[in-house]
Amino acid sequence: MEFSAKQIAEYIGGTIVGDENATVHTFAKIEEGVTGALSFLSNPKYTHYIYDTKSSIVLVNKDFLPEHPIKATLIKTENAYESLAKLMTLYEESMPKKQGISPLASIAENAKIGKNVYIGPFACIEEGAEIGDNSSIHPHATVGCHAKIGSDTILYPNVTIYHDCRVGNHCILHAGAVIGADGFGFAPSPDGYEKIPQIGITVIEDNVEIGANTCVDRATMGATVIHAGTKLDNLIQIAHNVEIGSHTVIASQTGVAGSAKIGEWCMFAGQVGVAGHIKVGDHVTVGAQSGIPGNTKSGQTLMGYPAIDPKQFARSAAIYKKLPDMYMELGRLQKEIEELKERLNK
């Protein structure tokens, strides 16, 4: 499909600088622009590319003021990155979607399948499971007994939804995600470890996206809950009975231990560790590789292990590099003190 600068500007509420009839049919990074491509500029580090880009149209923030002539047509918006996301969503929605049920899929007779559902080869829909309208179940995905999938939800290949779990509307689960595996519960005994049955479920609310090979365990009792609008990256572990508030985003390789409660609109960078049975407030930001061992108040920004104020952590890190020299200096001073004591005692 092809769109003109005028059509794009009207859709995103932007202002055109250049040829309103310029057209695009694809997207490209500004440094890799080609004729007929739409690019964007939001990070000042990439500004120098705009003067030579071959892209036909470039989205820029409304306060952008060029220092040199630009060949491309510009569309100024409040936020170029958000406008790009809006346009890419429109583009994706215009692409034809797979439909129909493969004869190679395994579907239980009492499973409930909604309208316009796609079920790919070797997908498995078990007894009593429900699939909502317009949802897509890709090859080798499994929806367990009595599990429920909402409408307009996508399960990519090899996603596994265990029995009785719930996935809401407009969700995206990427390849290999596992929803509802047993929580890690074992009771020590003289003979080893006795498995504690995990009889709860996992609930994924609406508009949640879960990355590839991320695991959200089922609860021991009750439910592990991922609230609406939350986005989880690849390779994340969410343990049993965890609750994650709405619109929280968590980056790759983060681990959240059992029964932790994370608030709304939080942002966790990669490889964060969250201890079990603690509460993280709303609007908390946590830097990469941080550890959160205890409760945190809302609105905090944290970094390090244990996680502390980022400025304090930076000062501590600067001192840490000097510890070997400080240790040697301390040893030298201790030796001098001992020598002075010996002289005074003579």
Side-chain angles (χ1 to χ4, degrees), residues 106 108 110-111 124-130 140-149 155 158-168 171 173-205 208 210-227 230 232-245 248 250 252-263 266 268 270-280 286 289-296 305-307:
S106 174
N110 62 351
C124 180
I125 314 297
E126 297 185 349
E127 293 182 3
E130 297 181 16
H140 296 282
T142 297
V143 179
C145 294
H146 304 289
K148 293 183 179 180
I149 309 299
L155 307 187
N158 297 303
V159 167
T160 300
I161 311 297
Y162 275 63
H163 61 89
D164 299 303
C165 292
R166 307 285 184 265
V167 179
C171 293
L173 278 66
H174 290 280
V178 178
I179 307 301
D182 280 358
F184 192 67
F186 298 90
S189 72
D191 298 322
Y193 292 91
E194 296 290 335
K195 182 176 176 63
I196 300 173
Q198 306 292 292
I199 61 174
I201 64 172
T202 297
V203 176
I204 310 296
E205 293 187 346
V208 170
I210 296 178
N213 295 320
T214 283
C215 299
V216 184
D217 290 346
R218 71 194 311 112
T220 305
M221 292 180 284
T224 302
V225 183
I226 310 297
H227 285 289
T230 288
L232 303 181
D233 197 0
N234 305 328
L235 297 168
I236 289 173
Q237 162 63 20
I238 306 296
H240 54 192
N241 292 96
V242 166
E243 182 176 357
I244 297 180
T248 285
I250 301 179
S252 181
Q253 298 182 14
T254 289
V256 182
S259 298
K261 309 297 180 188
I262 296 173
C266 293
F268 286 21
Q271 297 186 335
V272 170
V274 181
H277 303 275
I278 69 168
K279 185 174 182 180
V280 177
V286 184
Q289 296 188 324
S290 297
I292 305 178
N295 295 340
T296 70
Y305 187 86

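The two atoms that bring Ala177 and Gly211 nearest to each other are CB-O, 3.9 Å, heavy atoms only. The two residues Ile262 and Phe268 make their nearest non-hydrogen contact at CD1-CE2, 3.8 Å. Across every non-hydrogen atom of Gly144 and Ala129, the tightest pair is O-CB, 3.5 Å. Pairing each heavy atom of Ala260 with each of Val274, the nearest pair is CB-CG1, 4.1 Å. Ala147 and Tyr162 get closest at one heavy-atom pair: CB-O, 3.7 Å. Residues Gly291 and Pro293 share a closest heavy-atom pair of O-CD, 3.3 Å.
Not counting sequence neighbours, the partners of His174 by the ring-ring contact (aromatic ring centres under 6.0 Å, His included) test are Tyr156. In this structure Asn295 satisfies the side chain to side chain contact (heavy atoms under 4.5 Å, CB included) test together with Ile278, Lys279, sequence neighbours excluded. Legend: residues meeting side chain to side chain contact (heavy atoms under 4.5 Å, CB included) with Ala175, ordered by chain and number and at least two apart, are absent. By the side chain to side chain donor-acceptor pair (under 3.5 Å) test, Glu243 pairs with His227, sequence neighbours left out. Every residue meeting the side chain to side chain donor-acceptor pair (under 3.5 Å) condition with Asp182, not counting sequence neighbours, appears here in chain and number order: Lys195. With sequence neighbours excluded, no residue forms a ring-ring contact (aromatic ring centres under 6.0 Å, His included) with Tyr305. With sequence neighbours excluded, no residue forms a side chain to side chain donor-acceptor pair (under 3.5 Å) with His277. Legend: residues meeting ring-ring contact (aromatic ring centres under 6.0 Å, His included) with Tyr193, ordered by chain and number and at least two apart, are absent. Shown here are the side chain to side chain contact (heavy atoms under 4.5 Å, CB included) partners of Gln237, two or more places apart in sequence or in another chain: Cys215, Asp217, Ala239. Residues that satisfy the side chain to side chain contact (heavy atoms under 4.5 Å, CB included) test with Glu126, not counting sequence neighbours, are Cys124, Thr142, Cys145.
Taken to the nearest 0.5 Å, the CD atom of Gln271 stands 11.5 Å off from the CD1 atom of Ile236. We find the CG-CD1 distance between Asn110 and Ile125 to be 12.0 Å, quoted to the nearest 0.5 Å. Distance check, rounded to the nearest 0.5 Å: CG of Leu232 to CD1 of Ile244 gives 5.5 Å. For the atom pair CD1 of Ile201 and NE2 of His146, the computed distance is 13.0 Å after rounding to the nearest 0.5 Å. The CZ atom of Phe184 lies 12.0 Å from the OG1 atom of Thr220; values are rounded to the nearest 0.5 Å. Atom CG of Leu235 sits about 6.0 Å away from atom OG1 of Thr214, to the nearest 0.5 Å.
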For a side-chain contact (heavy atoms from CB on, under 4.5 Å) check, start with the C-alpha distance between Asn213 and Asn234, then their side-chain angles and the critical distance, and finish with the verdict. CA-CA 6 Å; Asn213 295 320; Asn234 305 328; 6.0 Å; no
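Without hydrogens or angle criteria, Thr248 side chain to Gly263 main chain gives a donor-acceptor distance under 3.5 Å. Although no hydrogens or angles enter the test, the distance criterion places no donor-acceptor pair under 3.5 Å between the side chain of Glu130 and the main chain of Gly128. Looking only at distances, a side-chain donor or acceptor of Asp233 sits under 3.5 Å from a matching main-chain atom of Ser252.
Two residues are said to be in side-chain contact when any heavy atoms from C-beta on lie closer than 4.5 Å; Lys148 and Arg166 meet this criterion. Inter-residue side-chain proximity for Ile161 and Leu173 is flagged as met; some heavy-atom pair is nearer than 4.5 Å. Considering only heavy atoms from C-beta on, Ile210 stays 4.5 Å or farther from Val159 through its side chain. Ile238 places none of its side-chain heavy atoms less than 4.5 Å from the side chain of Thr202.
Exactly one of Val203, Val242, Val216, Ile179 qualifies for a side chain to side chain contact (heavy atoms under 4.5 Å, CB included) with Ile226. That residue is Val216.
Sorted by first and then second residue, the salt bridge (Lys or Arg N to Asp or Glu O under 4.0 Å) pairs involving residues 218-227 (not counting sequence neighbours) form an empty list.
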